[in-house]
Amino acid sequence: MSRSVNCPNCLAAIPADAAACPTCGADIQLMLLVADGRLLDQMRAHGAQAPVSAEQLVPRLGDYLVEQGYVTTEQLQTALAAQARSPGGSARRLIGQTLVALGFIAPASLDEAIARQLLALQTALLEANHTLEQRVAERTAELESALARLTEINQLKANFVANISHELRTPLTHIKGYSALLADATLGPLTGQQQEALTITATAIGRLESLINDLISYAAASRGELNLNLRPVSLAMVALQVLQHSQAKANRQQVHLSHTLTPDLPPVIADEEKLYWTLLQLTDNAIKFTPSGGRVVIGAVAEADIVHITVQDSGIGIPAANLDGIFEPFQQLDSSSTRRYGGTGLGLALVQRIVEAHGSRIEVATAEGQGSLFSFSLPCYGAGAELRVSARG
Ligand SMILES: Nc1ncnc2c1ncn2[C@@H]1O[C@H](COP(=O)(O)OP(=O)(O)O)[C@@H](O)[C@H]1O
Ligand SMILES: [Mg+2]
């Protein structure tokens with residue numbers, strides 16, 4: 001392999017063994033010594049510990065001099081013994097200087113040997129850098145292909161979820177239709193027990209339906225099909241609907257559900273249906289993860305052109321280490337919670353996508369055992385926001 005280094009004078013690439021630079025004609029060894037001299041000056045300027053000779057920049061100079069035939073092993077031994085006898089500290093002679101003092105090597109030859117060794121070191125460093133660059137490029141290519149594969153898998157997953165949930169919806173429509181016919185006695189009179197069974201069935205169908213709808217929305221969102229129908233929306237109305245819908249669950253859990261909405265709350269710019277769904281998910285979580293006797297409060301405060309929306313609970317809270325994970329699809333904290341609390345782990349993943357599609361961010365303030373506060377902001381209708389609505393809608 002032909003190695004190349006750079007000329008210390010003009011920085012052009014030169015063969016590693018070149019005596020002179022083909023570009024600027026500089027004597028390489030001389031240039032290296034000059035460069036060394038500058039380096040040494042700088043090092044001296046930066047403290048007492050700095051080397052005082054180019055010799056100190058090269059490792060195991062004695063062995064190198066023997067290897068290269070500048071001195072014999074015996075001469076080196078003699079010089080080492082002389083060095084050991086010489087005074088210690090900063091006054092101590094280096095091995096090269098000792099060899100010169102003993103007349104075993106001419107000063108010019110020592111300089112030449114040091115320059116050669118420096119050149120070899122520089123070449124090795126350049127090669128190491130080159131290898132490192134190659135490895136970085138290889139790793140980058142590997143990461144890129146892993147990322148492409150991951151994107152592909154994610155796409156497959158989203159397609160699978162979309163297909164399976166559409167397939168589930170069809171039979172569910174039949175189950176729902178026929179149980180409704182049964183429940184309203186269209187297909188004949190019912191006993192009290194049968195009616196009770198159908199009520200329970202209707203609840204289960206409702207849960208299954210909303211689960212399937214969540215899966216469909218999730219699949220659509222992961223394929224980038226989250227379309228917003230932005231309009232002026234009465235946040236107070238939406239929040240009251242959420243409160244109404246969630247009241248039964250709160251009662252069952254013996255959680256106190258309330259709001260701090262004021263009548264003067266301005267309308268916000270949002271997709272009404274998705275805003276409703278978002279607030280419902282946050283409220284559903286808040287109730288679900290709050291033990292009986294606890295509180296859940298939906299709040300909204302207008303500030304300048306923005307409305308801050310909050311859902312606060314006094315529940316189990318979320319350990320700081322798990323905060324990032326809760327927005328990942330299918331993520332639920334601790335596996336046993338699946339059985340204890342139910343759910344798919346899709347709610348917050350979708351909430352985050354919806355809130356971000358509105359140009360906002362979902363934030364969480366929480367601590368384990370201290371409850372949680374989920375919040376996000378939406379622009380008020382007015383103060384220029386109409387422009388955005390008409391532009392998008
Ligand atoms: N208000 C909350 N209090 C405590 N933990 C919560 C709260 N909201 C969400 N979490 C945690 O985040 C996880 C993900 O929430 P989510 O995506 O809505 O899924 P799911 O409700 O189906 O479990 C939950 O399983 C729970 O561990
Ligand atoms: Mg949820």
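Quick caveat: nothing in here was measured; it's all calculated off a predicted structure. One-based numbering, in listed order, for ligands and for the atoms of each. By convention here, the first residue in the shown sequence is residue 1.
Distance CG/L119 to CD1/I14: 7.0 Å, rounded to 0.5 Å.
By the 4.0 Å heavy-atom criterion, F327 is excluded from the residues contacting ligand 1. Note on ligand 1: G317 sits in its first shell, one or more heavy atoms being nearer than 4.0 Å.
Contact between Y64 and A113 at its shortest, heavy atoms only, is CE2-O, 3.5 Å. Heavy atoms only, all atoms of each residue included: S246 and L280 are closest at OG-CD1, 3.6 Å.
Residue-level proximity to ligand 1 for L348 is carried by backbone and side chain together, each with a heavy atom below 4.0 angstrom. Of all the heavy atoms of D284, none lies under 4.0 Å from any atom of ligand 1, so neither backbone nor side chain is involved.
Checked by distance only, ligand 1 and I318 stay at 3.5 Å or farther apart across all their nitrogen or oxygen atoms. Residue Q281 has no nitrogen or oxygen atom sitting less than 3.5 Å from a nitrogen or oxygen atom of ligand 1, judged on distance alone. Here's the thing with G347: one of its N/O atoms is less than 3.5 angstrom from an N/O atom of ligand 1.
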Inset, instruction - Mind running salt bridge (charged side-chain N to carboxylate O under 4.0 Å, His left out) on E142 and R139 for me, showing each step along the way? - result: CA-CA 5 Å; E142 276 170 22; R139 291 283 177 281; 3.7 Å; yes

Inset, instruction - Take S372 and T366 through the test side chain to side chain donor-acceptor pair (under 3.5 Å) and record every step on the way to the result. - result: CA-CA 4 Å; S372 308; T366 179; 3.0 Å; yes

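Here is the list of ligand 1 atoms found below 4.0 Å of a heavy atom in G345: 17 (O), 19 (O), 20 (P), 22 (O), 23 (O). Less than 4.0 angstrom separates some heavy atom of K288 from each of these atoms of ligand 1: 20 (P), 21 (O), 22 (O), 23 (O). Atoms of ligand 1 lying under 4.0 Å from any heavy atom of I326, numbered from 1 in the order shown and given with element: 11 (C), 12 (O), 14 (C).
Between the side chains of N251 and Q247, at least one donor N or O sits under 3.5 Å from an acceptor N or O.
Within the coordination shell of the Mg ion (ligand 2), defined by N, O or S atoms under 2.8 Å, Q281 is absent.
When the options L76, L110, I95, T72 are evaluated for a side-chain contact (heavy atoms from CB on, under 4.5 Å) with L65, the one that passes is L110.
Distances from atom 8 (N) of ligand 1 to the heavy atoms of I287, N322, N285 show the closest one on N285.
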